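Take a look at the structure below.
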Amino acid sequence: MRRHTRLRGLIALCLACLLLFPAAGCATDSPDRITLKVLASSELADMAPLLADLRRETGITLEMDHRGTVDASNELAAPGGQRRHDLAWLSSDRYYLLRAKANGLSGEKPLATSIMRSPVVIGMKRATAERLRGSAADGQITWADAADAAADGSLRFGMADPRHTNSGLAALVGVATASAGTGAALRPKDVSCERLRGFFAGHELTGDSSAGLADRFVARQDGLNALITYESELLALNSSGRLREPLEIVYPRDGMVLSDYPVLLLDPARRDAYDRLVEWLRSEPVQKRIMERTLRRPIDPGVARIDRLREPVGNALYFPDDQKVVDRLLADYGDPHRDRAARVIFLLDFSTSMRGERIERLRATFDGLAGADDSHSGKFVRFYRGESITVMRFGGRVLDERTVVYDGQRDLDRLRGLVAADDFADSTAVWSSLDHAYGTVSDLLRERPGQDVSVVLMTDGESNAGIDLDTFVRRHARLPKDVRAVRTYTIRYGEADTGELDRGARATGGRMVDAADRSLLSAFKEIRGCVH
């Protein structure tokens, strides 16, 4: 009888423990308890309180191994990279899937379930946002407006390094997609020319994680006026009390890249635990907790948004579906700590055939590049703060050579003055003048090795003085390697020789643009987008 009483007591205890398990997890040796190793994006560190709830309510413990999303994706896409963890939880798996495909990984892609969302947006100080909004179409700020303001020095922002972080890569994809102007996923030809130099001119703060970037922004908030990162990070920063002035969240009218934070199943043997985990994460009570604690948007559209998340996200941009596109974007971005200032040498024909309407068009073109062109494309290819601009006017020889380092409006006025001269020559020495320009390039690279230099040559007539093209090509081939690497982009205008200008440009690694049947400004803008 006593044995039956003890048995009934044990059964009652077990039943009570099972009923209490979701809240308290009382069976310490329950087979339902499991630990999963998770390779996770660094910004998911803010999920720690919720993961404690997960452990209590389900018995599942996640051991989070935090990395930058791009770094984590590269590890996953490497041979054997998926065997080190049971799951991956990334801010986005799009870069990983591209990298895995490029690495030739075979088999089915891991099961993935999206958990929450947050767009990469721009946080701006109020005065900056009001100024940009005042000149923007319909009062809605675009990435092009941000690039224009960065180029003229009025937008100084922080952005995480896209070589390591998803927020930085998403921002880079967003602004590059806007610069292409197609509204579609970026293609290789859309990034064959670098159009983001003006945007990069305003990038004054970086970091290897979005959370670390926010901390650094706080320390330098007096000298910066914008921060490009996740909406959730900006909302959290605004409510932290660490900012002297809250940042206005700007959702660029031309679109943003959304992060959906998928959980990926790497070890199929963990499928049961994976299903339990994502069911818990996507349940309505937990979606509300995620929203309230992390300020990310619920994946479930039926969950009512808190006030701070009721602003519509707007247009979601496509992530590239070609690894070569992303590789090119990252290569163009390079090292954020390097000196990004470049020098462009404009070699401009001032022979008598340019007198009158043609020279007026050239001057209007330089006005446009100096900021007067308010078109979408003009904002991406304008002169930018810190850029060195050398103008060489030539006829039968180089007539004048002056350099301006753009640091403010006065410098742009000086630049306009360089092309306002009215002295013209009776002859045109195209190739002698280009040979002279490469002498200047040699001096520049001797003084500052590694400097980013390019040459743009514009002429409206055939070369009828000085050395011929064959002589230039031979001389160019004998130049030091670093000097030969500087490209010349030629613009054909008027009656200039198409074949010679094309051959001369290609001999330097550049190319020709024909402006005979279109505006000179559009030709210069195309060249500006390719100068690197």
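Keep in mind it's a predicted model, so treat the numbers as computed, not measured. Just so you know, these numbers use all the heavy atoms, side chains as well, and skip hydrogens, waters and symmetry mates.
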Taking atom types as modelled, find out whether [X] and [Y] have a side-chain donor-acceptor pair closer than 3.5 angstrom.
{"X": "Ser91", "Y": "Glu43", "answer": "yes"}
{"X": "Thr113", "Y": "Arg282", "answer": "no"}
{"X": "Asn166", "Y": "Ser41", "answer": "no"}
{"X": "Glu231", "Y": "Tyr251", "answer": "yes"}

Salt-bridged, [X] to [Y], with N to O below 4.0 Å?
{"X": "Asp267", "Y": "Lys37", "result": "no"}
{"X": "Arg528", "Y": "Glu387", "result": "yes"}
{"X": "Lys525", "Y": "Asp373", "result": "yes"}
{"X": "Arg187", "Y": "Asp190", "result": "yes"}
{"X": "Asp148", "Y": "Arg382", "result": "yes"}
{"X": "Glu57", "Y": "Arg289", "result": "yes"}

* Should Trp89 and Leu281 be marked as a side-chain contact (heavy atoms from CB on, under 4.5 Å) after you check the CA-CA gap, both sets of side-chain angles, and the distance that decides it? -> CA-CA 12 Å; Trp89 194 354; Leu281 289 171; 3.8 Å; yes
[X] side chain vs [Y] backbone, donor-acceptor pair below 3.5 Å:
{"X": "Glu245", "Y": "Arg126", "result": "yes"}
{"X": "Thr61", "Y": "Arg55", "result": "no"}
{"X": "Glu284", "Y": "Val303", "result": "no"}
{"X": "His164", "Y": "Gly207", "result": "no"}
{"X": "Gln140", "Y": "Pro252", "result": "no"}

In this structure, are over 12 heavy atoms from other groups packed under 6.0 Å from [X] atom [atom1]?
{"X": "Arg242", "atom1": "CZ", "value": "yes"}
{"X": "Arg293", "atom1": "CZ", "value": "yes"}
{"X": "Glu279", "atom1": "CD", "value": "no"}

Tell me the closest heavy-atom pair linking [X] and [Y], and the distance in Å.
{"X": "Ser154", "Y": "Arg131", "result": "OG-NH2, 2.9 Å"}
{"X": "Ala226", "Y": "Ile122", "result": "CB-CG2, 4.3 Å"}
{"X": "Ala170", "Y": "Val257", "result": "O-CG2, 3.6 Å"}
{"X": "Thr58", "Y": "Arg276", "result": "O-NH2, 2.6 Å"}

Is [Y] close to [X] at the side-chain level, that is, under 4.5 Å between some pair of heavy atoms?
{"X": "Arg448", "Y": "Arg343", "value": "no"}
{"X": "Ile60", "Y": "Trp280", "value": "no"}
{"X": "Trp143", "Y": "Thr177", "value": "no"}

* To do: For the pair Ser114 and Asp260, evaluate side chain to side chain donor-acceptor pair (under 3.5 Å) and give the outcome as yes or no after the intermediate values.
  => CA-CA 6 Å; Ser114 299; Asp260 60 351; 2.9 Å; yes
* Asked: Can you say whether the rings of Phe346 and Phe383 are parallel (under 30°), tilted (30 to 60°) or perpendicular (over 60°)?
  ->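 Phe346 vs Phe383 ring planes: perpendicular.
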* To do: List the steps, then state whether side chain to side chain donor-acceptor pair (under 3.5 Å) holds for Thr142 with Lys379.
  => CA-CA 11 Å; Thr142 66; Lys379 292 179 178 181; 5.3 Å; no
* Does the pair Arg253 and Asn315 meet the rule for a side-chain contact (heavy atoms from CB on, under 4.5 Å), with working shown? -> CA-CA 7 Å; Arg253 181 168 56 89; Asn315 181 34; over 6 Å; no
* **Trace of the salt bridge (charged side-chain N to carboxylate O under 4.0 Å, His left out) decision for Asp93 with Lys109** => CA-CA 11 Å; Asp93 63 356; Lys109 64 181 182 181; over 6 Å; no
* To do: Evaluate the criterion side-chain contact (heavy atoms from CB on, under 4.5 Å) for residue pair Glu311 and Val121; output intermediate values, then yes/no.
  => CA-CA 12 Å; Glu311 182 73 23; Val121 295; over 6 Å; no
* **Residues Lys288, Asp300; criterion salt bridge (charged side-chain N to carboxylate O under 4.0 Å, His left out); working and verdict** => CA-CA 10 Å; Lys288 288 181 178 179; Asp300 182 356; over 6 Å; no
* Asked: What's the verdict on side-chain contact (heavy atoms from CB on, under 4.5 Å) for Gln451 and Leu445, showing C-alpha distance, side-chain angles and the deciding distance?
  -> CA-CA 6 Å; Gln451 183 178 183; Leu445 295 180; 4.1 Å; yes
* Pair Asn74-Tyr95, side chain to side chain donor-acceptor pair (under 3.5 Å): steps then yes or no -> CA-CA 8 Å; Asn74 285 329; Tyr95 178 79; 3.1 Å; yes
* Asked: Are Phe199 and His203 close enough that their ring centres sit under 6.0 Å apart?
  ->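 No; His203 has its ring centre 6.0 Å or more from that of Phe199.
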* Asked: Is it true that Tyr333 and Phe200 have ring centroids separated by less than 6.0 Å?
  ->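 Under 6.0 Å, so yes.
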* Output, in order, the C-alpha distance, side-chain angles, deciding distance and verdict of salt bridge (charged side-chain N to carboxylate O under 4.0 Å, His left out) for Arg385 and Asp407. => CA-CA 5 Å; Arg385 186 69 64 96; Asp407 192 48; 3.7 Å; yes
* To do: Go through Tyr261 and Ser118 one step at a time and tell me if the side chain to side chain donor-acceptor pair (under 3.5 Å) criterion holds.
  => CA-CA 9 Å; Tyr261 298 88; Ser118 194; 4.8 Å; no
